[in-house]
Amino acid sequence: MKQELIGPTATLAAALLSNLEDEHSEFTPAIVAAAFEEAYFMLLDGIQRVDNEIARREKL
């Protein structure tokens, strides 16, 4: 895990969880863990996309 992404991941996970408030009366550890996992991989995917685009532009 990239330690520098813990803060941004937690922020994004909180946003994801806020969308689930109406569906769940309380958040279990599993729900929070799933949101954190989803947020982390979303950030990694975004970073990869940016890296790929930078590499593509450098080839031009």
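A quick note: this is a predicted structure, and the numbers were derived from the prediction, not measured.
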Participant: With a 4.5 Å heavy-atom cut-off, do Leu43 and Lys2 have their side chains touching?
Facilitator: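 Contact flag for Leu43/Lys2 side chains = no.
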
Participant: Could I get the full list of salt bridge (charged side-chain N to carboxylate O under 4.0 Å, His left out) partners for Glu58, not counting sequence neighbours?
Facilitator: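 Scan of Glu58 (salt bridge (charged side-chain N to carboxylate O under 4.0 Å, His left out), adjacent residues dropped) gives none.
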
Participant: Could you identify which residues cluster with Ile6, counting Ile, Leu, Val, Met, Phe, Trp and Tyr as linked when any side-chain heavy atoms lie under 4.5 Å apart, either directly or through a chain of such contacts?
Facilitator: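 Taking Ile, Leu, Val, Met, Phe, Trp and Tyr as members, Ile6 shares its hydrophobic cluster with Met1, Leu5, Phe36, Tyr40, Phe41, Leu44, Ile47.
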
Participant: Hey, is Glu53 close enough to Arg57 for a salt bridge, meaning N to O under 4.0 Å?
Facilitator: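 Result for this pair is yes, salt bridge flagged.
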
Participant: What salt bridge (Lys or Arg N to Asp or Glu O under 4.0 Å) pairs are there with at least one residue in residues 24-39, not counting sequence neighbours?
Facilitator: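 Residue pairs passing salt bridge (Lys or Arg N to Asp or Glu O under 4.0 Å), neighbours aside: none found.
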
Participant: Could you pull out the closest heavy-atom pair between Ala39 and Thr9, with the gap in Å?
Facilitator: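 Minimum heavy-atom contact is CB-O, 3.6 Å.
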
Participant: Under the side chain to side chain donor-acceptor pair (under 3.5 Å) rule, collect the residues that match up with Asp51, sequence neighbours excluded.
Facilitator: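 Asp51: no side chain to side chain donor-acceptor pair (under 3.5 Å) contacts found.
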
Participant: Does Val50 sit in a hydrophobic cluster with other residues, and if so which ones, taking ILVMFWY side chains as linked at heavy-atom separations under 4.5 Å, directly or through other members?
Facilitator: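 Its cluster partners, ordered by chain and number, are Ile54.
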
Participant: Can you sort out the partners of Gln48 under side chain to side chain donor-acceptor pair (under 3.5 Å), two or more places apart, ordered by chain and number?
Facilitator: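 Result, side chain to side chain donor-acceptor pair (under 3.5 Å) vs Gln48: Asn52.
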
